[in-house]
Amino acid sequence: MEKFVFFGGKGGVGKTTMSAAYAVKCADAGLDTLVVSTDPAHSTSDVFDQQLGDEPQAVEGRDGLWAMEIDPDEEVEHHLMETKRALGDQVSAALVNEIDRQIEMAHQTPGAYEAALFDRFVDVMRSSEHFDRVVFDTSPTGGTLRLLGLPEFLEGWIDRLRRKRERSIDLFEKAAIGNNEPRRVMDGDPILARLRERKEFFEYAGRMLREHTAFFLVVNPDELSVRETRRAAAGLADRGLTVRGLAVNRLTPSPDDDEDGRGARYLRDRVATERAHLQTLREEFDQPLVAEIETRIEEVKGDFLTEVAGELDIETTPPADPPADAA
Amino acid sequence: MTLADRIDRYLAVVREWGAGLFHGLFTHPAYEKIEKEAEDIEDTFMLACFPDAFGIPSPVSYYTAELLPYLESEFEAWERRMWDRGSMLERKGEQYHF
């Protein structure tokens, strides 16, 4: 089993429950496990009945289990401050305001939030050497797919920028005919250094996602959820990431045979519909069903979580070759 | 003044004219053109980094913003060139002296 495990799926299917249950299972098997929530609507705190923050925190009452909730807003703020500090160190007072405006604007763009989220979770991967397993509870399908598509896209982008920069510097050097001083020099160019650093960061992320990560999709036995799961599996496959298995959540319990009240008839019909969807999931998907979990009347917390963990058929063995953390 | 001195003075004048002519005919236009080309590439680099300066949202501005502190001279020159420039044709035309 890989070191990093992602749970994804449509909104409200129970990703948080599944990832928490799986983390509990790993922790019970003796692995040091960290659960990371990347969903802006965090609910990991609620599952563990404990306020979580942006740093890993030991979960009370459970050995070997830590949890954290990523806060992209804080990361955006931090990035903004960091960039401004570098600005103050580098740029003359006359130009600071002009560039400052540009930096502020860049942190307001629609992509900033996603980029920050991405940065954070790669950071978590990078600094996870204390943990045997890291479980990511992701945001609903669309956002996550875009997020996981980022490394490849950004690598290409950064590469093109780097080539442009190299060409212009090269020309500036060539323009320095005779004893002229070239306007820019290739050696020690801070821009090229930054771009290279960024590229390594994205390469690391891409490598970890492709080689050391397992993906599971959580699905409910209803039409919409099944369809979205199909799209998500295809979307991940397009990015070279394969889904390891499907965890079916919220199955309706069937009534006893001798019952024939209104409630029993309702349940019987509901179970029949769900069976049809389960059939579809079994036959039309390449991935195996790793869990079939019945609806609980109460919130899945505490002992319930251990119970659900028992029903998850996902192995917990530590990764055969843990990824090299240095990047 | 000896004959040798007069020859030397004459040669110095010829050398100065020669160097000036060479600079004006070859060196100057050459480096000016190369530098302008380098500036053009730098402009596309800057535009690729900061399209939001022109109201085009870019998903990577967040990452390129961290380059800004190191792009002081480029940024100013870029903005100036953007104001000066009427069209691409005009920019390319600047490289020729009619």
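First the proteins, then the strands, lettered A, B, ... as listed; each starts at 1.
- Neither the backbone nor the side chain of A:Arg160 comes within contact range of chain B; no heavy atom of the residue lies under 4.5 Å from a heavy atom of that chain.
- Using a cutoff of 4.0 Å between basic side-chain nitrogens and carboxylate oxygens, A:Glu203 and A:Arg207 are not scored as salt-bridged.
- If you measure heavy-atom distances from B:Glu74 to chain A, the contacts under 4.5 Å come from both the backbone and the side chain.
- B:His23 has its ring centre no less than 6.0 Å from the ring centre of B:Phe26.
- With chain B as the partner, the residue from A:Leu150, A:Asp89, A:Asp119, A:Ile169 showing the most heavy-atom pairs under 4.5 Å is A:Asp119.
- Contacts between A:Phe118 and chain B at a heavy-atom distance below 4.5 Å involve the side chain alone, from C-beta outward.
- Between chain B and the residues A:Leu87, A:Val91, A:Val76, the most heavy-atom pairs under 4.5 angstrom are made by A:Val91.
- Contact of A:Leu154 with chain B is made through the side chain alone, with heavy-atom distances under 4.5 Å.
- Between B:Tyr63 and A:Phe202, the ring centre distance stays below 6.0 Å.
- Here A:Phe6 and A:Phe121 bring their ring centres to under 6.0 angstrom of each other.
- If you measure heavy-atom distances from A:Arg184 to chain B, the contacts under 4.5 Å come from the side chain alone.
- Annotation: the span from A:Gln90 atom CD to A:Arg85 atom CZ amounts to 10.0 Å, rounded to 0.5 Å.
- When each of A:Lys174, A:Lys164, A:His79, A:His107 is checked for heavy-atom pairs under 4.5 Å with chain B, A:His79 comes out on top.
- Of the residues A:Arg194, A:Arg196, A:Arg165, the one that meets the salt bridge (charged side-chain N to carboxylate O under 4.0 Å, His left out) test with A:Asp189 is A:Arg165.
- Under 4.0 Å is where a charged nitrogen must lie from a carboxylate oxygen, and between A:Asp170 and A:Arg167 no such pair does.
- Residue contact with chain A, scored on non-hydrogen atoms closer than 4.5 Å, involves the backbone and the side chain of B:Tyr70 alike.
- For A:Val96, no part sits under 4.5 Å from any heavy atom of chain B, backbone or side chain.
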